[in-house]
Amino acid sequence: QVQFVESGGGLVQFGGSLRLSCAASGSIFSTYRIAWYRQAPGKQRELVASFTRTGSTDYKDSVKDRFTISRDNARKTVYLQMNSLKPEDTATYYCNTAPLGFYAWGQGTLVTVSS
């Protein structure tokens, strides 16, 4: 059973923008805060954007001020707006619970940033 469906990735030039979408199952969305992770080839999966317990947002330092996480409760969807993209942002992006991914990972959506 699919828990998360990520979409919106693609090939973008340096400095470009993309908005990723994560459609989560209703039970997960209503119980946990959903976050964005990414994994580059040969590297560990890392947390890049999440919601805090105080209602704010938190980001990996390297994406702060460039990425914005948001959610639409009615659509049970979490978004990641990515601006000023850099080649080092190239990775497969996933959504899951935070700070640990409690559920099975989806297929992710590939973001490739050309230099």
Side-chain angles (χ1 to χ4, degrees):
Q1 180 173 318
V2 176
Q3 305 291 347
F4 308 102
V5 178
E6 301 95 344
S7 62
L11 175 64
V12 64
Q13 294 181 353
F14 177 84
S17 298
L18 286 172
R19 189 175 80 153
L20 308 183
S21 297
C22 167
S25 72
S27 59
I28 296 174
F29 191 91
S30 63
T31 304
Y32 303 99
R33 293 185 293 273
I34 308 300
W36 283 98
Y37 299 77
R38 70 185 182 188
Q39 185 171 29
K43 294 186 177 294
Q44 299 259 65
R45 201 185 329 256
E46 61 182 0
L47 180 66
V48 297
S50 61
F51 299 101
T52 72
R53 293 161 60 183
T54 58
S56 186
T57 53
D58 194 27
Y59 302 92
K60 178 179 172 65
D61 286 344
S62 62
V63 310
K64 192 173 184 179
D65 299 324
R66 299 189 297 117
F67 291 11
T68 302
I69 186 172
S70 62
R71 61 180 176 236
D72 184 328
N73 292 337
R75 298 179 64 87
K76 297 180 174 60
T77 301
V78 180
Y79 302 97
L80 185 66
Q81 179 66 47
M82 306 186 295
N83 299 324
S84 302
L85 284 163
K86 305 174 180 179
E88 49 263 47
D89 296 319
T90 295
T92 300
Y93 285 72
Y94 303 86
C95 54
N96 212 313
T97 56
L100 299 175
F102 293 160
Y103 294 90
W105 300 96
Q107 292 188 359
T109 185
L110 177 62
V111 172
T112 302
V113 184
S114 62
S115 59

Does any N or O in the side chain of Thr97 come within less than 3.5 Å of the main-chain N or O of Phe102, such that one atom is a donor and the other an acceptor? yes
If you measure from CG on Leu85 to CZ on Phe67, what distance do you get to the nearest 0.5 Å? 5.0 Å
Is there a chain of hydrophobic side chains (I, L, V, M, F, W, Y, each step under 4.5 Å between heavy atoms) that links Leu110 to Val2? no
Between the side chains of Thr54 and Thr52, is a donor N or O closer than 3.5 angstrom to an acceptor N or O? yes
Taking Ser30 for its side chain and Ser27 for its backbone only, find out whether a donor-acceptor pair lies under 3.5 Å. yes
Asp89 versus Arg66: any side-chain heavy-atom pair under 4.5 Å? yes
Is it true that atom CD of Glu88 has more than 12 heavy atoms of other residues, nucleotides or ligands lying nearer than 6.0 Å? yes
Do side-chain atoms of Arg38 reach the backbone of Ala91 as a donor and acceptor pair under 3.5 angstrom? no
Scanning both residues in full, the closest heavy-atom pair of Ser17 with Asn83 reads OG-OD1, 2.9 Å
Return the minimal non-hydrogen interatomic distance between Tyr94 and Gly106, and the atom names on each side. CE2-O, 3.3 Å
Same cluster or not: Val111 versus Trp36, using hydrophobic residues (I, L, V, M, F, W, Y) connected whenever any side-chain heavy atoms lie under 4.5 Å apart? yes
Using atom types as modelled and distance alone, determine if a side-chain donor or acceptor of Thr90 lies under 3.5 Å from a backbone N or O of Val113. yes
Can you get from Val5 to Leu18 by hopping between Ile, Leu, Val, Met, Phe, Trp and Tyr side chains that sit under 4.5 Å apart? no
Would a distance-only check, ignoring hydrogens and angles, find a side-chain to backbone donor-acceptor pair under 3.5 Å from Glu6 to Cys95? yes
CG on Asn96 to CG on Leu47, rounded to 0.5 Å: 10.5 Å
From Phe4 atom CZ to Thr109 atom OG1, the distance as rounded to the nearest 0.5 Å: 15.0 Å
Cluster link Tyr79 to Tyr32, ILVMFWY, side chain under 4.5 Å: no
Just how far is it from atom CZ of Arg19 to atom OG of Ser7, taken to the nearest 0.5 Å? 9.5 Å
Backbone N or O of Ile69 within a donor-acceptor pair of the Tyr59 side chain at under 3.5 Å? yes
Rounded distance (nearest 0.5 Å) linking atom CD of Gln13 with atom OG of Ser115: 10.0 Å
Output field: ring centroids Tyr37/Trp105 closer than 6.0 Å: yes
If every non-hydrogen atom of Ala98 is compared with every non-hydrogen atom of Ala35, which pair is closest and at what distance? CB-CB, 3.5 Å
Take Ile28 and Gln3 through the side chain to side chain contact (heavy atoms under 4.5 Å, CB included) test and state the conclusion after the steps. CA-CA 8 Å; Ile28 296 174; Gln3 305 291 347; 3.0 Å; yes
Enter the distance from Phe51:CZ to Asp58:CG here, rounded to the nearest 0.5 Å. 11.5 Å
